[in-house]
Amino acid sequence: MTPAPRLEIDLDAIQQNTSVLVARLADRGIEVAGVTKVALGSPEVAGALLRGGVSSLGDSRIENIETMRDAHVTARMMLIRSPMLSQVVRVVAYADVSFNTELDVIRALSSAARAAGRMHGVVLMIELGDLREGILPRDLEYAVRETLRLPNILLEGIGSNLACRNGVVPDARNMGELSDLADSIDATFALRLAVVSGGNSANLAWALSGADTGRVNHLRLGEALLLGRETLHRQPIVGLRTDAFTLVAEVIESKRKPTRPWGEIAQTAFGAQPAPIDRGDISQVIVALGQQDTDPNGLRAPAGIEILGASSDHLVADTGVAHLPVGAEIDFQLDYSALLRAMTSPFVTKVVQARIGAIHAQGF
Ligand SMILES: *Cc1c(COP(=O)(O)O)cnc(C)c1O
């Protein structure tokens with residue numbers, strides 16, 4: 001029996017999405033790091049991104065980078081979250097480059113790299129208004145000067161990240177500021193920053209708008225490659241597939257039931273105050289899927305099926321005119337949040353489908 005719930009991963013779709021975006025961005029002088037964090041550093045997903053033409057892989061967790069290295073994924077690996085001080089030894093051992101905002105961390109990376117007899121690349125992240133990670137522009141010159149002094153550290157470039165915490169849109173103004181900072185660092189220190197990493201999937205509209213991309217020559221893309229959507233409005237990107245991931249789950253109860261609960265009403269399992277509806281009797285199914293497998297709010301059911309709610313282990317749906325017997329399977333599409341949780345859940349079997357329809361379950 002095929003296990004359920006299972007997350008089916010179509011590697012061809014991921015590779016195809018990647019080649020399309022890599023080619024479109026190459027026309028703008030921009031290369032792509034494929035971001036693997038939502039896939040927990042899956043070596044198969046990493047392989048599809050690399051076949052699609054990314055120039056490096058990025059992940060926010062050193063554990064995922066270790067997974068890929070241990071699986072012999074050969075690529076330049078970037079840790080795109082500032083390293084924990086407690087992890088610098090692992091970071092210099094496994095990542096070629098890390099993104100940094102704290103001199104104390106870069107100093108610790110320098111010591112660790114020196115002890116390991118290695119060089120470690122550093123990209124300095126700059127705060128451009130989204131108020132997540134970044135050195136304030138006025139502090140950049142000092143950070144560069146200190147970084148350049150450190151043995152076994154190679155200053156590779158600068159970068160920024162927008163649209164994640166406050167939804168700040170990458171545009172000509174903030175990307176122009178990043179370019180100008182690159183120029184001014186080059187001039188001040190008589191060097192040439194190799195990498196100017198503009199941002200993530202939210203940068204695509206700007207990068208492909210035809211506007212001048214200036215010094216920005218690098219983007220870090222996860223969601224756009226894997227789910228085929230831009231992330232400012234979550235619209236599908238023309239020419240990309242949005243169905244690379246499918247979550248398949250099994251019906252465990254199927255009955256005609258009323259929609260209106262009876263008895264005194266208080267909080268639900270997750271603390272919500274339900275607003276009872278009454279639309280008469282429906283074909284209600286329970287799917288063996290819940291908060292411990294995925295983010296039920298991020299699922300899209302097939303046409304004709306409506307998700308009514310979910311607790312830890314039960315997802316309740318109205319199947320409309322269809323009758324789905326016990327044992328039937330339902331295919332759900334996932335948003336980033338649902339995908340992240342499904343990938344992370346030990347209850348969801350990951351099934352990787354490669355070219356020529358080969359299917360195998362993956363034990364991670
Ligand atoms: C997650 C992440 C990305 C990738 O973001 P997507 O929206 O998935 O493209 C890029 N950069 C950083 C710093 C990140 O944390």
Side-chain angles (χ1 to χ4, degrees), residues 7 9 14 32-50 54-102 104-106 108-109 112-113 116 118 120-125 130 132-134 156 159-161 163-165 195 197 199-202 218-227 231 245 292-295 298 334-348 350 352 362-364:
L7 185 66
I9 309 175
I14 295 171
V32 177
V35 175
T36 49
K37 67 190 182 204
V38 77
L40 272 58
S42 153
E44 283 84 354
V45 170
L49 295 169
L50 289 166
V54 299
S55 61
S56 61
L57 296 172
D59 205 289
S60 46
R61 292 173 192 257
I62 195 62
E63 294 83 352
N64 293 342
I65 290 180
E66 289 169 355
T67 300
M68 293 189 280
R69 287 269 196 236
D70 291 345
H72 307 290
V73 174
T74 32
R76 188 169 136 88
M77 305 255 183
M78 305 181 133
L79 182 67
I80 60 174
R81 183 175 71 180
S82 181
M84 294 183 215
L85 268 181
S86 57
Q87 292 187 330
V88 290
V89 170
R90 293 164 74 178
V91 173
V92 300
Y94 283 89
D96 302 294
V97 180
S98 59
F99 284 35
N100 285 271
T101 61
E102 292 286 354
D104 283 347
V105 175
I106 305 173
L109 289 166
R118 306 172 76 105
H120 184 72
V122 162
V123 170
L124 296 175
M125 292 297 271
D130 199 49
R132 204 181 71 176
E133 74 271 41
E156 300 233 357
S160 67
N161 193 73
C164 277
R165 181 181 164 211
V195 178
S197 188
N200 52 47
S201 296
H218 185 268
L219 289 181
R220 313 169 304 272
L221 302 182
E223 184 163 349
L225 304 179
L226 300 177
L227 292 176
T231 55
F245 295 85
Q292 206 161 12
D293 307 288
T294 189
D295 175 2
L334 309 91
D335 73 3
Y336 194 84
S337 170
L339 176 59
L340 179 74
R341 211 183 299 172
M343 284 296 313
T344 311
S345 173
F347 297 102
V348 177
K350 285 76 181 180
V352 179
Q362 191 182 317
F364 63 82

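The first residue of the sequence shown is numbered 1, and numbering continues consecutively from there. Hydrogens, waters and symmetry mates play no part in the numbers below; they use all other heavy atoms, side chains included. A quick note: this is a predicted structure, and the numbers were derived from the prediction, not measured.
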Derivation and outcome, salt bridge (charged side-chain N to carboxylate O under 4.0 Å, His left out), residues Asp335 and Arg341: CA-CA 10 Å; Asp335 73 3; Arg341 211 183 299 172; over 6 Å; no

Thr36 side chain to Ala39 backbone, donor-acceptor under 3.5 Å: no

Sub-4.5 Å side-chain heavy-atom contact between Pro83 and Ile62: no

Whether over 12 other heavy atoms sit under 6.0 Å from Glu102 CD: no

Within-4.5 Å side-chain heavy-atom neighbours: Thr67 and Leu40: no

Over 12 foreign heavy atoms within 6.0 Å of CZ, Arg61: no

Heavy-atom side-chain proximity of Ser98 to Val123 below 4.5 angstrom: no

Expected output: side-chain Ser337 to main-chain Asp295 donor-acceptor under 3.5 Å: no

Ser160 side-chain N/O to Gly199 backbone N/O, donor-acceptor pair under 3.5 Å: no

Whether Lys350 side chain and Met343 backbone form a donor-acceptor pair below 3.5 Å: yes

Close side-chain approach of Met77 and Val97, heavy atoms under 4.5 Å: no

Heavy-atom side-chain contact between Asp59 and Leu79 under 4.5 Å: no

Modelled atom types, side-chain donor and acceptor of Ser197 and Arg220, under 3.5 Å: yes

Criterion side-chain contact (heavy atoms from CB on, under 4.5 Å) on Leu124 and Val122, from CA distance to verdict: CA-CA 6 Å; Leu124 296 175; Val122 162; 3.9 Å; yes

Candidate pair Ile9 and Ile14, rule side-chain contact (heavy atoms from CB on, under 4.5 Å), full reasoning: CA-CA 9 Å; Ile9 309 175; Ile14 295 171; 3.9 Å; yes

Shortest non-hydrogen separation from Ala108 to Leu85 and the atoms involved: CB-CD2, 3.6 Å

Heavy-atom pair of closest approach, residues Cys164 and Asn200: SG-ND2, 3.7 Å

Interatomic distance, Leu7 atom CG to Thr294 atom OG1 [nearest 0.5 angstrom]: 8.5 Å

Close side-chain approach of Met68 to Leu57, heavy-atom, < 4.5 Å: yes

Short N-O contact, Glu223 and Lys37, less than 4.0 angstrom: no

Distance (rounded to the nearest 0.5 Å) between Ser42 OG and Leu226 CG: 9.5 Å

4.5 Å side-chain heavy-atom contact, Leu109 and Val92: yes

Min side-chain heavy-atom separation Leu225-Val54 under 4.5 Å: yes

Closest contact, heavy atoms only, Tyr94 versus Ile65: O-CG2, 3.6 Å

Lys/Arg N to Asp/Glu carboxylate O, Arg69 vs Asp96, below 4.0 Å: yes

Which atom of Gly58 lies closest to which atom of Ile80, heavy atoms considered: CA-CG2, 4.1 Å

Closest non-hydrogen atom pair, Leu334 against Leu227: O-CD2, 3.8 Å

Check: Asn161/Asp130 side-chain N/O donor and acceptor closer than 3.5 Å: no

Interatomic distance, Glu66 atom CD to Gln87 atom CD [nearest 0.5 angstrom]: 7.5 Å

Trace of the side-chain contact (heavy atoms from CB on, under 4.5 Å) decision for Phe99 with Arg81: CA-CA 6 Å; Phe99 284 35; Arg81 183 175 71 180; over 6 Å; no

Thr344 to Leu340 - nearest heavy-atom pair and separation: OG1-O, 2.6 Å

